[in-house]
Structure formats: C-alpha cells, structure tokens
> 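Before anything else, here's the structure in question.
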Protein chains: 2
Amino acid sequence: MKFHQADTRQRMVKTAAEMLAQHGLNATSIREMSKRAKSPLGSTYHHFPDGKQQVVVEAVVFAGEKVAASLDHHLRKGAALGIREFLGVWRVILLESNFRIGCPVLAVAVEEPLDEVAENTLKAAAIIFNLWEEKLGAALIAEGSDLAAASGIATLVVAAAEGAIALCRAQRSIDPFDRVEGQLLTLLTQV
Amino acid sequence: MKFHQADTRQRMVKTAAEMLAQHGLNATSIREMSKRAKSPLGSTYHHFPDGKQQVVVEAVVFAGEKVAASLDHHLRKGAALGIREFLGVWRVILLESNFRIGCPVLAVAVEEPLDEVAENTLKAAAIIFNLWEEKLGAALIAEGSDLAAASGIATLVVAAAEGAIALCRAQRSIDPFDRVEGQLLTLLTQV
DNA sequence: GTCTATACGAAGATAGAC
DNA sequence: GTCTATCTTCGTATAGAC
C-alpha cells in the first residue's frame with residue numbers, strides 16, 4: 001500500500017544525483033529531472049516542499065552514502081585495499097561513462113547560484129566529504145597511524161580522487177587517474 | 001586610438017573568469033557578466049561572435065595562464081618552492097574570499113550543459129591542466145626525477161590542489177587545504 | 001496524491017537604430 | 001562599434017482540477 005510514492009521519491013533522488021554528476025548543480029533542472037524520472041513537474045513539489053534545494057541535498061547524501069557503504073565494506077580488508085576500492089569505484093564510473101559522469105558531491109561543492117548562498121547544499125557536500133575522510137582515517141588509525149598522519153592522508157586521498165575525476169573529464173582520458181592512483185598507493189606502502 | 005575595445009574585451013574576460021570561479025559555468029550568464037563589466041549585452045556578441053562558449057574558453061585560458069606565469073616565476077627557485085607557491089596562490093584566494101572563490105578551470109571541468117557537449121570549453125580546461133602539470137613535471141625532472149615519477153607527482157599536485165579547493169569551499173575552512181599541503185610537501189622531501 | 005496549466009523571470013542570442 | 005528592444009526557450013514555483 002502506497003509504495004508508489006516511495007518509489008517515485010527515490011527515483012527522483014537517484015535521477016537528480018545522476019544529473020548532478022554529469023551536468024552539475026545549475027544545469028540540473030527540476031523540469032528535466034522530473035521528465036527523466038517519468039513524473040510530472042508538480043509532483044516534485046509534493047514530495048519535496050522545499051523545492052530544488054531539498055532535492056539536491058537528498059541526492060548528494062544518497063550518492064555519498066552509497067560510496068560510504070562501499071568504503072565500509074572494503075576497509076574491513078585493510079586501509080590500502082579499501083582505498084584501492086574507493087578509487088576503483090570512480091575509475092569504473094569514469095570509464096563506463098566515457099568520462100562524462102563525475103562526482104555529484106564535487107559538483108555541488110564547486111558551484112554556487114548567483115543570488116543565493118546555497119548554505120544547505122554546501123553543508124550536505126561537507127558532511128559527505130567528512131564522512132569519507134573519517135572512514136579512511138579510522139582505518140589508517142586502526143593500522144597504527146597517528147591521528148595527524150591518518151587525517152592528512154585521508155584528506156589527501158579524497159581531494160586527489162576528486163581532482164583526478166575532474167582532470168579525467170577535461171582530458172577525456174583515464175591517465176590522470178592512473179597517475180594519481182599510483183602516487184597514492186605508493187605513499188600508502190610507505191606509511 | 002581604439003583602446004576602448006581592447007579594454008572592454010579584457011574586462012569581459014576577467015569578469016567571466018571571476019564569475020566562473022565563484023559560481024561555476026552554468027551560473028555564469030552573459031547577461032550578468034556584461035552588467036558587471038559595465039558593458040551592454042549586445043557588445044558581448046560583437047567582441048565574441050561565438051557567444052558564451054568563446055567567452056568561457058578565453059576566461060579559462062586567461063586565468064590558467066596567470067597561474068602558469070606565477071609557476072614559471074617560482075619554479076626557478078626549485079620544484080618544492082614552486083609547488084609551495086602554487087598552493088599558496090590558491091590558499092590566499094580561498095582565505096580572502098572566505099571560501100567562496102574557487103578555480104575557474106575546475107568549474108568548467110566539472111560541469112556540462114544539458115544539451116551541448118561543451119567540447120571547446122572542456123578542451124580549454126584540459127590544456128590548462130596539462131600546462132600546469134608540464135611545468136611542475138619539468139621542474140621535478142630538472143632536479144633528477146625520472147619521467148614517470150615526475151609526471152605522477154605533478155598530476156597528484158594539481159589534482160590534490162583542485163580537490164582541496166572544493167573541500168574547503170564545502171567546509172568553509174582552510175583545514176583540508178592545510179592537511180593536503182602538508183602531505184604533498186612531505187612527499188616532496190622524500191623524492 | 002497525481003498531474004495540467006500557467007505565472008513570472010532569466011537564459012542565450014539577434015535585429016537593427018544610432 | 002555601441003547599445004536597446006525583442007524573440008524564443010527554459011528556469012523555479014504554484015494553483016487548482018481531477
């Protein structure tokens with residue numbers, strides 16, 4: 001009973017996340033999202049009374065937590081392997097989309113509407129970045145790193161991965177990602 | 001004689017670069033750019049017959065070459081110092097703008113209009129990223145690194161810096177940048 | 001709750017007066 | 001060459017029929 005709503009809502013969030021990852025925040029319109037989610041425009045404002053803002057926040061959290069879950073899973077086998085997997089997720093996305101799909105969290109972090117300040121959506125991105133950093137940092141600490149080194153490496157991995165995604169999109173090539181991954185894995189074996 | 005045009009054109013390019021850095025590609029409208037550059041909307045299409053595309057490409061190249069010139073200057077004193085300066089440029093921009101202004105090249109690399117493919121603007125971003133990587137790589141090679149290591153580190157520095165900028169914007173804090181910079185400088189002393 | 005129709009502003013771009 | 005007026009499309013959002 002009443003599973004239509006939940007399904008529609010979920011489909012909207014997922015569609016929004018996909019659009020954010022490929023086109024960015026300002027190019028992700030509620031109109032087009034509704035169309036792709038096969039739902040009328042008006043329904044969006046029934047499910048998300050706060051409008052686009054709310055959709056974007058939920059899309060960022062949705063995508064971010066999916067990556068976090070994958071991190072949880074793979075970090076159990078050790079920090080280095082977990083990081084390899086974290087990078088592997090993005091590698092596959094880049095390759096399969098022919099370098100068109102990037103990271104929705106990064107997209108939100110880079111843009112900012114002309115009028116508003118987008119405090120809510122930026123905060124969502126910050127929470128997800130922090131989530132990833134904390135998981136990576138905890139795994140490193142569990143293997144003997146001290147707090148400063150662990151948080152330094154965790155932030156470097158997230159920042160470098162996000163930057164590498166952008167470089168690959170621009171150059172339409174996986175090469176930047178390969179080089180960054182090589183450097184990060186080398187660094188990890190030295191710790 | 002006829003310096004008005006050159007001045008106006010230049011002012012438009014600079015204004016566009018500023019808007020890209022703060023608001024991103026799709027939020028940078030020709031309308032608002034003209035307004036901020038104190039020039040009528042129609043003039044844009046006189047100076048840039050190919051429209052927004054052309055403005056954005058020139059803005060990306062303009063901003064990218066300014067950073068490259070600074071790199072040229074500081075890399076003369078050594079790779080480590082040059083990289084420190086490269087990072088320092090972004091650090092100042094982040095702090096002085098209260099984490100609102102980022103990198104226009106990154107903005108273009110992350111977004112993509114809904115209809116077009118934005119091949120030209122992406123290519124401009126790719127050229128600038130490559131330019132930075134080559135300058136950093138050359139400096140490292142001049143100090144004895146082999147090609148693979150040098151290009152790996154150069155790409156890592158660019159990717160990590162761009163990613164760190166995004167993290168700082170999201171978290172409204174310089175901390176991510178500090179951690180990334182610390183890791184990169186540590187890595188450099190090991191080479 | 002689902003969906004159509006519409007309000008209203010802003011986008012890219014152009015025509016054409018000056 | 002500079003600038004105004006305007007075309008068309010698309011943006012967010014809402015009203016209100018069903």
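Here is the naming used below: chain letters follow the sequence lines, and residue numbers restart at 1 for every chain.
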> Output the rounded distance in Å from CZ (B:R9) to C1' (D:dG1).
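Roughly 14 Å, once rounded to whole Å.
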> Measure from the side-chain heavy atoms of A:Y45 and tell me the nearest of C:dT2, D:dG1, D:dT14.
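Nearest to the side chain of A:Y45 among the choices is D:dT14.
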> Quick one: does any side-chain atom of B:E111 pair with a main-chain N or O of B:N26 as donor and acceptor, under 3.5 Å?
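Such a contact is found between B:E111 side chain and B:N26 backbone.
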> Taking NZ, NE, NH1 and NH2 as the nitrogens, is one of them in B:E85 or B:K77 under 4.0 Å from a carboxylate oxygen of the other?
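Not counted as a salt bridge, because no side-chain N and carboxylate O are separated by less than 4.0 Å.
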> Whole Å only: how far is the CZ atom of A:F48 from the P atom of D:dT12?
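Spelled out: CZ on A:F48 to P on D:dT12 is 14 Å.
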> What integer distance in Å separates B:M12:CE from D:dC3:C1'?
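About 11 Å, once rounded to whole Å.
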> Whole-Å distance between D:dT12 P and A:Q53 CD?
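Roughly 13 Å, once rounded to whole Å.
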> To the nearest Å, how far apart are B:H46 NE2 and D:dG1 P?
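Computing the B:H46:NE2 to D:dG1:P distance gives 6 Å.
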> Let's go through B:V57 and B:K123 carefully: what are the C-alpha distance in whole Å and the side-chain angles of both, what is the deciding distance for side-chain contact (heavy atoms from CB on, under 4.5 Å) to 0.1 Å, and is it a yes or a no?
CA-CA 9 Å; B:V57 167; B:K123 192 174 289 177; over 6 Å; no
> Taking atom P of D:dT12 as reference, at what distance in whole Å does atom CD of A:Q54 sit?
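The answer, rounded to whole Å, is 15 Å.
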> Can you list, pair by pair, the side-chain donor-acceptor contacts under 3.5 Å of residues 154-167 of chain B, counting residues two or more places apart and other chains?
residue : atom : partner : partner atom : Å
B:T155  : OG1  : A:R179  : NE           : 2.7
B:T155  : OG1  : A:R179  : NH2          : 3.3
B:T155  : OG1  : B:E133  : OE1          : 2.5
B:T155  : OG1  : B:S151  : O            : 2.9

> Salt bridge or not between B:R91 and B:E96? Use side-chain N to carboxylate O under 4.0 Å.
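No, this pair does not count.
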> Just the rounded figure in Å: distance from C1' of C:dA11 to CG of A:D115.
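Value for this atom pair: 13 Å.
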> Does anything in residues 23-43 of chain A reach DNA chain C, meaning a heavy atom under 4.0 Å, and if so which residues?
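A:P40, A:G42, A:S43 - these, ordered by number, are the residues of the stretch whose heavy atoms sit under 4.0 Å from the strand.
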> Between B:H23 and B:E32, is the side-chain contact (heavy atoms from CB on, under 4.5 Å) condition met? List the steps.
CA-CA 12 Å; B:H23 302 287; B:E32 178 70 15; over 6 Å; no
> Would you tell me if any nitrogen or oxygen in the side chain of B:H47 comes within less than 4.0 Å of OP1 or OP2 on D:dT2?
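Checking B:H47 against D:dT2: at least one side-chain N or O falls below 4.0 Å of OP1 or OP2.
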